[in-house]
Amino acid sequence: LQKGVLFFLRKKKRVLFMDNLRHEPPFDRAIRLLTELTSTTSIEMSARPFYTDVDFIFRSYLSTTYNLKTQSQTSEEIVHSLQTLFESTTDTSDNPSLKGENQAEVLSEIIDILRELELCKFACEPSSLEKMTLISRRVENAIKRIHESGLCPQPSLSN
């Protein structure tokens with residue numbers, strides 16, 4: 001019964017999240033959700049649901065920023081989609097940073113975070129509040145870096 005109630009509440013939480021997608025820019029939403037999540041973590045949430053929520057927030061940001069279906073893709077599929085997207089972009093006069101080292105660094109960071117979140121979600125060992133906070137900050141910093149890097153093909157979504 002407890003698992004059923006938790007499943008229902010988490011599903012309802014995701015529905016509420018999806019209802020608000022169009023009302024808030026992806027960057028602002030991701031940062032707000034990560035902040036809210038870390039502020040309530042010490043009391044209300046164990047490690048596995050926390051990492052699942054961080055992963056959901058990160059994938060949702062990638063999904064809306066790059067117009068990908070990240071929630072239904074594996075990490076490898078997301079990386080492949082991003083590589084294909086980045087390779088197909090060209091330098092433009094208003095956004096010269098779409099190619100080169102910046103792109104490789106951002107993609108490498110996304111790969112590392114997706115792998116780390118997978119390990120944390122599926123590891124059976126308990127996790128400390130410090131580790132949970134550290135991963136949340138790492139995801140937040142990655143989102144900020146992606147947002148500021150100019151590697152967003154749809155800048156109107158994040159303005």
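- Using a 4.5 Å cut-off on side-chain heavy atoms (C-beta onward), Val139 and Ile57 make no contact.
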> For Phe56 and Leu33, what are the C-alpha separation, side-chain angles and deciding distance, and is it a side chain to side chain contact (heavy atoms under 4.5 Å, CB included)?
Replying inline: CA-CA 10 Å; Phe56 182 80; Leu33 290 171; over 6 Å; no
> Can Phe58 and Leu114 be said to form a side chain to side chain contact (heavy atoms under 4.5 Å, CB included), step by step?
Replying inline: CA-CA 9 Å; Phe58 188 55; Leu114 288 172; 3.9 Å; yes
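- Contact check for Ile146 versus Ile110: side-chain heavy atoms found under the 4.5 Å cut-off.
- Below 30°, between 30° and 60°, or above 60°: for His147 and Phe27 the angle between ring planes is below 30°, a parallel geometry.
- With hydrogens and angles disregarded, no donor-acceptor distance shorter than 3.5 Å links the side chain of Glu148 to the backbone of Arg145.
- Checking Ser63 against Gln71 by side-chain atom types alone, no donor-acceptor pair falls below 3.5 Å.
- Here the CD atom belonging to Gln83 is positioned 11.0 Å from the CG atom belonging to Leu85, to the nearest 0.5 angstrom.
- Using modelled atom types, no side-chain atom of Ser136 and backbone atom of Met132 make a donor-acceptor pair closer than 3.5 Å.
- Residues Ile143 and Thr65 fail the side-chain proximity criterion, which asks for heavy atoms closer than 4.5 Å.
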> Run the salt bridge (Lys or Arg N to Asp or Glu O under 4.0 Å) check on Glu116 and Arg138 step by step: do they pass?
Replying inline: CA-CA 10 Å; Glu116 187 171 7; Arg138 186 167 179 217; 2.2 Å; yes
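- Note on Glu140 versus Lys144: salt bridge recorded, some NZ/NE/NH1/NH2 to OD/OE distance being below 4.0 Å.
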>> Between Thr38 and Arg137, is the side chain to side chain contact (heavy atoms under 4.5 Å, CB included) condition met? List the steps.
In response: CA-CA 9 Å; Thr38 53; Arg137 285 188 186 145; over 6 Å; no
> Given Ser81 and Gln73, is the side chain to side chain contact (heavy atoms under 4.5 Å, CB included) satisfied, shown in steps?
Replying inline: CA-CA 10 Å; Ser81 296; Gln73 292 181 325; 3.5 Å; yes
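- Here the CG-CD1 distance, from Leu107 to Ile78, works out to 11.5 Å after rounding to the nearest 0.5 Å.
- Looking at Cys120 and Lys131, their side chains come closer than 4.5 Å, going by heavy atoms from C-beta outward.
- Taking both residues in full, the closest heavy atoms of Pro26 and Tyr61 are given as O-CD1, 3.6 Å, listed atom of the first, atom of the second, then distance.
- A salt bridge is absent between Arg32 and Asp28: the closest approach of a Lys/Arg side-chain nitrogen to an acidic carboxylate oxygen does not fall below 4.0 angstrom.
- The shortest side-chain heavy-atom distance between Leu119 and Tyr51 does not fall under the 4.5 Å cut-off.
- In this structure, Ser39 contributes its side chain and Glu36 its backbone to a donor-acceptor pair below 3.5 Å.
- The CZ atom of Arg48 sits 8.0 Å away from atom CZ of Phe122, with the distance rounded to the nearest 0.5 Å.
- To the nearest 0.5 Å, atoms CZ (Phe50) and CG (Leu129) are separated by 8.0 Å.
- With hydrogens and angles ignored, the 3.5 Å screen pairs a side-chain donor or acceptor of Thr84 with a backbone N or O of His80.
- Side-chain N or O atoms of Arg59 include none that pairs as donor or acceptor with a backbone N or O of Ser72 at under 3.5 Å.
- The distance from the CG atom of Leu117 to the CG atom of Asp112 is 11.0 Å, given to the nearest 0.5 Å.
- With a 4.5 Å cut-off on side-chain heavy atoms, Leu68 and Leu62 do not count as touching.
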